Amino acid sequence: MSDDSRPAPSGARTAAVIPAAGRGVRLGPGAPKALRTLNGTPMLIHAVRAMAASRGVRLVVVVAPPDGAAEVKTLLDSHALPERTDFVVVPGGDSRQESVRLGLDALPPGIDIVLVHDAARPLVPVDTVDAVIEAVRDGAPAVVPALPLADTVKQVEPAAVPGGPEPVVATPERARLRAVQTPQGFDHATLVRAHETVTDNVTDDASMVEQLGLPVVVVPGHEEAFKVTRPLDLVLAEAVLARRRLNDGF
Ligand code: C5P
């Protein structure tokens with residue numbers, strides 16, 4: 001939980017970019033995913049608060065659905081957010097990558113460290129955010145929080161027809177695999193260069209830095225930083241919030 005007595009993790013100037021322009025079709029019909037509520041508060045607001053909870057984060061840039069920037073701005077204005085943090089809303093693009101790039105374009109000069117955090121991970125604890133910032137400050141150009149896998153993973157030849165049998169191609173050694181979460185943390189100049197250089201479609205920002213040939217390191221993630229993707233995840237997220245409320249003595 002946020003603790004205002006804790007020192008800022010560094011003197012470096014850190015901003016967080018939250019891509020929230022996806023429609024979240026896997027959750028089923030309804031509002032864009034980031035605007036779905038968890039215990040009455042939009043997922044996006046939880047995600048914004050999770051970034052602003054870190055005293056290292058001075059600015060949060062929210063990348064809104066292209067036609068929804070005004071709505072998202074109104075949403076931020078109508079919820080309590082820490083006063084020490086600035087908030088900016090920009091319209092997003094067709095892909096997550098483009099949305100992140102548009103968020104980077106909105107950063108003012110003087111930002112040293114950038115976090116990129118999915119709006120779909122609303123419950124990441126502040127200790128995880130701080131650990132990512134700390135590792136970038138200690139010299140890693142890119143840092144990802146990640147967890148070991150519970151399931152064994154198979155690489156398959158995808159079926160031509162959805163739901164059809166899929167031949168297994170390989171079984172990577174589970175102990176060497178990690179499930180990657182966000183916020184991912186970057187040296188600002190490195191992430192900008194990655195976005196200028198890498199044009200392949202990627203599912204996370206760190207892989208763009210890998211493609212530049214630069215080191216990317218993993219720090220421990222957290223089970224509460226899971227991604228809200230399917231309907232059952234909404235149930236789990238509300239259960240986590242209920243447990244936090246009990247622990248906080250509300
Ligand atoms: O689709 P996926 O779950 O991978 O999306 C991850 C994050 O990227 C979500 O927070 C989503 O809102 C965001 N996104 C975006 N712009 C897009 C597509 C996804 O900001 N065009």
Side-chain angles (χ1 to χ4, degrees), residues 15-38 41-52 57 59-73 75-76 79 87-107 114-124 128-129 132 142 144-147 158 162 178-186 191-192 194-195 198-210 221-222 224-237 240:
V17 173
I18 303 185
R23 300 235 35 108
V25 284
R26 284 168 292 183
L27 270 183
K33 177 157 72 173
L35 304 184
R36 298 287 188 96
T37 58
L38 296 175
T41 302
M43 212 179 320
L44 175 62
I45 297 295
H46 287 286
V48 167
R49 285 180 176 154
M51 293 301 99
V57 174
L59 167 69
V60 177
V61 176
V62 176
V63 188
D67 55 355
E71 189 188 349
V72 167
K73 177 90 180 63
L75 194 74
L76 291 186
H79 287 83
F87 300 92
V88 171
V89 179
V90 296
D94 287 340
S95 66
R96 181 185 182 285
Q97 216 163 338
E98 196 185 340
S99 294
V100 171
R101 194 181 49 72
L102 291 165
L104 290 175
D105 287 349
L107 294 180
V114 180
L115 303 178
V116 181
H117 181 61
D118 287 337
R121 298 183 190 271
L123 303 182
V124 58
T128 307
V129 182
V132 169
V144 295
L147 290 177
R178 300 287 179 269
V180 167
Q181 304 177 324
T182 72
Q184 301 192 346
F186 302 90
L191 185 59
V192 168
H195 272 267
V198 179
T199 50
D200 305 351
N201 214 1
V202 294
T203 53
D204 82 334
D205 300 273
S207 61
M208 302 171 76
V209 175
E210 288 166 52
H222 196 284
E224 292 180 3
F226 66 91
K227 183 153 140 191
V228 177
T229 307
R230 299 183 181 82
L232 195 59
D233 299 325
L234 290 169
V235 178
L236 181 59
V240 169

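For clarity, every value in this text was computed on a predicted model and none was experimentally measured. Both counts, for ligands and for their atoms, begin at 1 and track the order of listing.
- Distances from atom 17 (C) of ligand 1 to the heavy atoms of Pro122, Gly92, Ser95, Pro65 put Ser95 nearest.
- In this structure the side chain of Glu71 reaches within 4.5 angstrom of the side chain of Leu35, judged on heavy atoms.
- In this structure, Ala20 is part of the shell of residues with a heavy atom less than 4.0 angstrom from ligand 1.
- The pair Asp204-Arg96 does not meet the salt-bridge criterion, since no charged nitrogen lies less than 4.0 angstrom from a carboxylate oxygen.
- Residue Ala119 approaches ligand 1 through these ligand atoms, each under 4.0 Å from one of its heavy atoms: 10 (O).
- Taking every heavy atom of Asp94 and a limit of under 4.0 angstrom, the matching atoms of ligand 1 come to 21 (N).
- Residues Val61 and Ile18 have side chains not in contact (no heavy-atom distance under 4.5 Å, counting atoms from C-beta outward).
- Side-chain contact between His79 and Thr41: present, with at least one pair of heavy atoms (C-beta onward) separated by less than 4.5 Å.
- The distance from ligand 1 to the heavy atoms of Ser99 drops below 4.0 Å at these ligand atoms: 15 (C), 16 (N), 17 (C), 20 (O), 21 (N).
- Residue-ligand proximity: Lys227 is placed with a non-hydrogen atom under 4.0 Å from ligand 1.
- When side chains are defined from C-beta on, Thr182 does not count as touching Val116, because their heavy atoms never get closer than 4.5 Å.
- One N or O on the side chain of His117 and one on the backbone of Arg121 form a donor-acceptor pair closer than 3.5 Å.
- Ligand 1 lies less than 4.0 angstrom from a heavy atom belonging to Ala120.
- Judged by the shortest distance from any of its heavy atoms, Val63 lies outside the 4.0 Å radius around the atoms of ligand 1.
- At a cut-off of 3.5 Å, with distance as the only test, no side-chain donor of His222 or Thr128 sits close to an acceptor on the other residue.
- Close contacts between ligand 1 and Lys33 involve ligand atoms 3 (O) [criterion: under 4.0 Å to a heavy atom].
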